[in-house]
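These numbers come from a predicted model, not from an experiment. Computed over heavy atoms, backbone and side chain alike; hydrogens, waters and symmetry mates excluded.
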Amino acid sequence: MRRMGELVVARTVDYLATLPDQPSCGEVHDEGVVRAMREPAPEEGTPLEALLDPLFDEWIPRSFNTAKSGYLAYIPGGGVYPAALADFIAAGTNRFTGVWMAAPALVQLEANVLDWLRDWMGFPQGTAGLFTTGGSMAMFNAICCARERHLGPEIRRGTIYVSSQAHHCIEKAAKLAGIHHDRVRTIPCDDDFRMRVDPLAAAIAADRAAGLTPFMVFSTAGTTNTGAVDPIEAVADLAAREGLWHHVDGAYGGCFHLVPELRPLLHGLPRADSLTLDPHKGLFLPYGTGALLVRDGSALRALHSSTAGYLPPNQDEFYDPAQFGPELSRGFPGLRLWLAFKLFGAARYRAALAEKRVLALEAAEALRQVPGLVLDAPPQLSLLAFHLAGPALPTLAAQNAATQALHERVTARGDVMITGCTVDGRVLARICVLSFRTRRRDIGIAVRQIAEEAAILTRDAPSPA
Ligand SMILES: Cc1ncc(COP(=O)(O)O)c(C=O)c1O
């Protein structure tokens, strides 16, 4: 066992130590290699080394390099190393944390972490939390909670409200929760990509007039496309007036609430009825770490509480995962957060998050100076979006093609990875600074390479001879 462990640690640490030399995006287009991997279930075992070699040498490199400091694509995370050790302990000791009685001290560690998240987000005592595998599943549980509270069995009458920039997982989660697409209203955004409150109020009124039951509205604390923070406070006011459940999607941006100086950017967030967090983004944990906070914890418990003759009776004093979430047997997700928070401390987290915002502001400032580059979305948190324009790109189609080429060409150079998105027919390139490994040097490289590629892509085409 020791030898196997040493082999795995050695390969993993070597991998992490060589990140600076690895490309920001590996070869992900070779479908032939992937097809060639299909194989029948093994009848006999294979020595560990023979399995680790292709894993580390061939398959892991064929991916977006989400661990690299130059990863500025989508919404970065990173995956701090101690979290991997926590997973090793959790799997190695394999304790059952589904019900409190089976491992009360371990469940208390998870309860502590949920309380820390509650306090960092400014939620009150009485809030209940749930670890999920990610933001999508947090959203699903939140919708079920609001649906139970407001609709009971009258599901078809209920309508929900999202902005045109809300994450698509909400609509997906709504369907899982029995709220079909014809009951999801999409509210337009303003020029800064934030949900507009007047059309929201009008949509709620129209649904009421049609005999429907508006019951839930979503604001986003940092959209995926442009990093926009909705007017959370105004939506909270409206939700309170109308008696709607207000959910804030903080999957990307919620983590910035840890930093007291940045809290004004997320004004109103602590008023939410429920909040999605994605510690695998802004708290730098590995993928598979999401969380939900529900202000009235009794609503979360009412949704999930259950028992069986073979289980210990439910109790009220201690947090009990199966009473607050849909799973019974589960892993021990809280340990990775607990170990990381205890090892590093909240102060280092706050400093890292504050640094990510400063780096994004610096990137925006530098990119403003790049000829032909239009900054569509300066950072509201740590994400910025831009496109190329200029005399050589007279049409939207030409600008879209150039902007697409811009992020692809920068990524192909291998130092940083940036991606794009399409908003109202316009292609935007975007930078999101959130990996704990990203430093000023990476931003300098990104800006320089974007400027170089922009100069090529916006150069006037040579006139025909
Ligand atoms: C704003 C936002 N909400 C929700 C999600 C979905 O979260 P997850 O991928 O963890 O399910 C994402 C994912 O990128 C996101 O950026």
Side-chain angles (χ1 to χ4, degrees), residues 135-254 268-269 271-276 292 294-295 299 303 380 421-426:
S136 305
M137 290 311 287
M139 233 70 90
F140 169 59
N141 278 279
I143 298 170
C144 290
C145 224
R147 187 201 69 196
E148 280 292 288
R149 192 39 76 94
H150 285 271
L151 303 179
E154 301 292 324
I155 295 182
R156 275 300 286 158
R157 293 235 302 270
T159 48
I160 68 172
Y161 304 83
V162 296
S163 92
S164 58
Q165 291 299 305
H167 197 275
H168 68 281
C169 77
I170 297 177
E171 196 159 339
K172 213 169 137 177
K175 192 171 177 198
L176 285 175
I179 311 298
H180 280 259
H181 294 345
D182 63 344
R183 296 295 188 256
V184 181
R185 308 288 179 247
T186 304
I187 308 301
C189 288
D190 63 18
D191 291 344
D192 293 324
F193 309 101
R194 303 179 221 227
M195 181 158 66
R196 290 173 53 208
V197 179
D198 288 348
L200 170 63
I204 293 170
D207 282 329
R208 281 206 205 290
L212 296 167
T213 310
F215 76 100
M216 188 172 196
V217 56
F218 293 79
S219 330
T220 306
T223 60
T224 317
N225 281 341
T226 64
V229 179
D230 284 332
I232 303 174
E233 179 80 1
V235 177
D237 286 341
L238 180 63
R241 271 200 311 278
E242 294 284 345
L244 267 62
W245 183 290
H246 179 204
H247 181 87
V248 173
D249 175 4
Y252 154 51
L269 178 141
R271 287 182 60 194
D273 291 300
S274 51
L275 173 67
T276 290
L292 170 69
V294 178
R295 167 180 227 88
L303 175 67
Q380 291 181 28
C421 63
T422 305
V423 179
D424 298 334
R426 176 174 285 293

Exactly one of T224, N225, T186 clears side-chain hydrogen bond (donor to acceptor under 3.5 Å, both in side chains) with Q165, and that residue is N225
Measure from the side-chain N and O atoms of [X] to the backbone N and O of [Y], and report whether any donor-acceptor pair falls under 3.5 Å.
X: R147; Y: I155; result: no
X: D249; Y: A251; result: yes
X: T422; Y: G425; result: no
X: D190; Y: R196; result: no
X: H180; Y: D182; result: no
X: R194; Y: D191; result: no
X: T223; Y: A228; result: yes

Considering all heavy atoms, the nearest [X]-[Y] contact:
X: Y252; Y: G227; value: CE2-CA, 4.1 Å
X: R295; Y: A272; value: NH1-O, 2.9 Å
X: C169; Y: M139; value: SG-CE, 3.6 Å
X: C144; Y: L303; value: CB-CD2, 3.6 Å
X: R183; Y: G158; value: CB-O, 3.2 Å
X: F215; Y: I143; value: CE1-O, 4.4 Å

What I want to check is whether the side chains of S219 and H246 have a donor and an acceptor closer together than 3.5 Å. yes
Compute whether any side-chain donor of one residue and acceptor of the other, for T276 and H247, lie under 3.5 angstrom apart.
yes
> H150 vs W245 aromatic rings, parallel, tilted or perpendicular, using cut-offs 30° and 60°?
Replying inline: perpendicular
Looking at side-chain heavy atoms only, is the closest gap between T159 and I179 below 4.5 Å? no
- Task: Check whether any side-chain heavy atom of Y161 lies under 4.5 Å from a side-chain heavy atom of P214, and answer yes or no.
- Result: yes
Taken to the nearest 0.5 Å, the spacing of L176 CG from S136 OG works out to 9.5 Å
Output for pair (D273 CG, C145 SG), nearest 0.5 Å, gives 9.5 Å
Is the shortest side-chain N to carboxylate O distance from D237 to R271 below 4.0 Å?
-> yes
Query raised in the report: Would the number of heavy atoms belonging to other residues, nucleotides or ligands and lying under 6.0 Å from CZ of R208 be above 12?
Result: yes
message: Walk me through whether S274 and L292 qualify under side chain to side chain contact (heavy atoms under 4.5 Å, CB included).
response: CA-CA 7 Å; S274 51; L292 170 69; 4.2 Å; yes
*I187 and V162: side chain to side chain contact (heavy atoms under 4.5 Å, CB included), yes or no, with the steps?*
CA-CA 6 Å; I187 308 301; V162 296; over 6 Å; no
Check your understanding: Could you walk me through whether I204 and L238 pass the side chain to side chain contact (heavy atoms under 4.5 Å, CB included) check?
Key -> CA-CA 10 Å; I204 293 170; L238 180 63; 4.1 Å; yes
Inset, instruction - Mind running side chain to side chain contact (heavy atoms under 4.5 Å, CB included) on H167 and T220 for me, showing each step along the way? - result: CA-CA 8 Å; H167 197 275; T220 306; over 6 Å; no
